[in-house]
Trainee: 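Quick one: structure below, then a few questions.
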Amino acid sequence: MCKLLLSRGASLDARSNIGHDPEDIARRRLHTTTAEFLAAVRAAGGWQPYVAAQRKPYIDALLALRQRLPALRARGRAAPASSERVHERLFLETPGDVFGHVLTFWQSDRDS
């Protein structure tokens, strides 16, 4: 529920009537996992940076592979998976800025 609320814009800075934030409330109710999750989101600087941090290593690896793929193919190290060119067109012929932008929408376990 916390992930859903945060993804929809809920604030980590909201306070109860007696001044407790969501992390304080989770700790007081002994919901350690939730409290640690909220602390990690706060430490990352919010929901979007938290989710982006999970994706970055994968995006960087895919972009690096995309750059190396033509050389790998030329040396016979990466053959096309099929006669269909759909994956090749998506992976190699999409402009770099578009490819990177599409990857920013890659879902991770932090999204759900």
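Only a predicted model underlies this, so the values are computations on that prediction, with no experimental measurement involved. Values reported hereafter were calculated over all heavy atoms of this structure, with side chains retained and with hydrogens, waters and symmetry mates removed. Here, residue 1 is the first one in the sequence, and each next residue gets the next number.
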Trainee: Looking at CH2 of Trp47 and SG of Cys2, how far apart are the two atoms once the value is rounded to the nearest 0.5 Å?
Mentor: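 It comes to 9.5 Å.
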
Trainee: List the atom pairs, donor and acceptor, that lie under 3.5 Å between side-chain atoms in residues 28-35 and the rest of the protein, sequence neighbours left out.
Mentor:
unit_1, atom_1, unit_2, atom_2, d
Arg28, NE, His20, ND1, 3.4
Arg28, NE, His20, NE2, 3.4

Trainee: Which residues satisfy the side chain to side chain contact (heavy atoms under 4.5 Å, CB included) test with Arg42, sequence neighbours excluded?
Mentor: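 Partners of Arg42 by the side chain to side chain contact (heavy atoms under 4.5 Å, CB included) criterion, ordered by chain and then number, come out as Leu12, Asp13, Asp21, Glu23.
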
Trainee: Check whether any side-chain heavy atom of Val41 lies under 4.5 Å from a side-chain heavy atom of Lys3, and answer yes or no.
Mentor: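 A side-chain contact under 4.5 Å is absent here.
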
Trainee: Given the rule that I, L, V, M, F, W and Y join up when any side-chain heavy atoms are under 4.5 Å apart, are Phe37 and Ile25 in one cluster?
Mentor: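 In one cluster with Phe37: Ile25, no.
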
Trainee: Give the minimum heavy-atom separation between Ala14 and Pro22, together with the two atoms involved.
Mentor: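 Looking at all heavy atoms of both residues, the closest pair is O-CD, 3.4 Å.
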
